Amino acid sequence: MLFSPAITRLVDVFRRLPGIGPKTALRLVFFVLSMEKEEVEEMARALVDAKRRVKHCARCRNLTEQDICSVCRDERRDQSLLCVVQEPRDMMVIEKTGQFKGLYFILHGALSPVEGFGPEELKIPDLLQLMKTGGVKEVIIATNPNVEGDATAFYIAGAARPLGIMVSRIGFGLPVGGDLEYADELTMTRALEGRREI
Amino acid sequence: MKLLNTRALVLRSQPLGERDRLLSLLTWERGKLSAVAPGARKIKSKLAAGVDYFTCGSFLLHQGKSLYTVNQLEIETNFSRIGENIKDYAYGMYFAELAEKLLEEGESYPDVFDLLLSCWGHLLDKKADRDVLARFFELRILSILGYHPHFQDCLYCGDQLGPFFWNYSSGGVFCGKCRPGEEVVFPFSRGTHALAVRLLSLFPGKIANIRAADLQKKELQDFTWHFLQYWTAAGHLKGLSFLAKVNNSEGDKKAGNAPE
């Protein structure tokens with residue numbers, strides 16, 4: 001065996017992380033071994049602490065250490081406006097714009113036979129309950145612009161329609177800074193469909 | 001440099017690493033193959049729209065050691081609007097999954113290519129009965145791959161009148177006289193028998209005209225699902241579990257159990 005069992009075990013652990021192959025895992029292991037003992041212990045404690053403390057917000061399913069996350073607790077935010085996103089990272093991207101002042105609901109996935117995610121797994125019944133009892137007047141669906149995201153958006157829109165809530169979806173089209181000549185047919189079609197008066 | 005310029009259908013498209021997608025493609029010339037679409041998850045990627053589910057496109061692929069890499073693509077037909085209806089989405093994904101599981105890599109299957117293209121097309125057209133379309137797809141893909149179920153007459157005596165039955169291990173139907181004494185058998189009514197025979201010989205363009213009673217659809221579904229499990233290596237089909245989840249969810253809504 002080229003490396004000790006402890007090193008091999010650590011390589012196997014790092015390889016479980018997304019985007020980490022055997023070479024990267026080995027590089028990370030060598031880096032960890034070159035660190036001070038205190039630094040490594042702090043890193044290990046941070047991992048365990050985060051896993052133990054972080055849970056889903058009872059209202060929006062954001063990652064939080066409290067029962068209700070800081071976004072949902074913020075009384076300055078518009079309670080009648082709800083943005084539905086697939087992942088907590090998507091929420092961060094929208095927050096960075098500073099343009100959205102409502103609340104969120106995080107699905108943690110999209111309707112997908114491949115992943116085994118149906119309406120129950122995505123807690124869509126909880127979302128509908130929130131729409132019904134949470135004073136929501138408008139829902140903005142910000143799922144990914146692909147088939148899985150589309151299917152999820154249309155499913156939620158169909159379920160929300162009988163509640164009399166306005167449902168919209170974020171715009172599709174050309175990325176800012178791109179050249180029109182490089183746009184594919186589908187993106188261009190969606191951009192034309194979603195054109196607006198100026 | 002080995003380049004392949006081919007028409008292809010996207011059977012599977014999964015995230016790979018931080019920005020790529022791993023595809024399973026059904027190509028016209030070389031059948032099923034795996035390919036990487038580099039950078040396809042980036043918002044400005046030129047490949048992103050063409051490597052999603054329900055896409056038929058013209059692909060320029062570069063052959064690597066174990067995987068192909070998508071160099072360029074042009075969308076020929078996009079069926080993404082299938083996703084606007086949850087049941088159509090479930091059926092479309094199920095068709096792709098079934099094709100992906102039943103086909104071997106490196107063999108050409110132009111008939112399956114045409115079948116899948118046609119069935120995705122019918123999902124956009126509201127006329128075709130979805131359950132009948134699913135049975136049509138199952139029976140035809142089985143037939144193309146050499147698992148042709150025997151519906152024409154009794155497997156053992158050739159009786160054409162029926163009534164017919166089937167069991168888990170039968171590759172078709174048998175009459176009441178030839179029914180194995182100690183085995184569990186399932187009924188295959190005259191209407192179901194007529195539907196099955198019709199679907200196996202039907203021109204795909206005519207599927208929108210076929211209607212069937214619920215009992216016939218249920219009996220044929222039971223047969224094809226058991227046949228798939230017994231005779232093929234399809235194994236667990238996630239698309240069927242998803243369809244069941246969707247049907248349960250729809251059932252809850254109709255029964256007033258959903259929190260609306």
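Below, read A as the first sequence line, B as the second, and so on, with proteins coming before strands; counting in each chain starts at 1. None of these values were measured; they are calculated from a predicted model.
- With a 4.5 Å cut-off on side-chain heavy atoms, B:S45 and B:R19 do not count as touching.
- For the set A:A157, A:G21, A:G118, A:P18, the count of heavy-atom pairs under 4.5 angstrom toward chain B peaks at A:G118.
- Looking at A:N146, both its backbone and its side chain come within 4.5 Å of chain B, counting heavy atoms on both sides.
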**Request:** Mind running side-chain contact (heavy atoms from CB on, under 4.5 Å) on A:R76 and A:D74 for me, showing each step along the way?
**Result:** CA-CA 6 Å; A:R76 290 168 300 174; A:D74 188 347; 3.2 Å; yes
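- A:E193 has its side chain out of reach of A:F172: every pair of non-hydrogen atoms, C-beta onward, lies at least 4.5 Å apart.
- Proximity of B:R30 to B:Q63: side-chain heavy atoms (C-beta onward) are separated by under 4.5 Å at one or more points.
- Two residues are said to be in side-chain contact when any heavy atoms from C-beta on lie closer than 4.5 Å; B:F137 and B:H122 fail this criterion.
- Only the side chain of B:Y89 comes within contact range of chain A, with at least one heavy atom under 4.5 Å from a heavy atom of that chain.
- Of the residues considered (A:A151, A:A153, A:G116), A:A151 shows the highest number of contacts with chain B, using heavy-atom pairs under 4.5 Å.
- With a 4.5 Å cut-off on non-hydrogen atoms, A:E148 touches chain B through its backbone and its side chain both.
- Residue B:S241 does not touch chain A at all, counting heavy-atom pairs closer than 4.5 Å.
- Heavy atoms closer than 4.5 Å to chain A are found in both the backbone and the side chain of B:E84.
- Chain A forms more heavy-atom pairs under 4.5 Å with one residue of B:G83, B:A96, B:A244, B:G92 than with any other, namely B:G83.
- Salt-bridge annotation for A:D126 and A:R59: absent, with no side-chain N of the basic residue lying under 4.0 Å from a carboxylate O of the acidic one.
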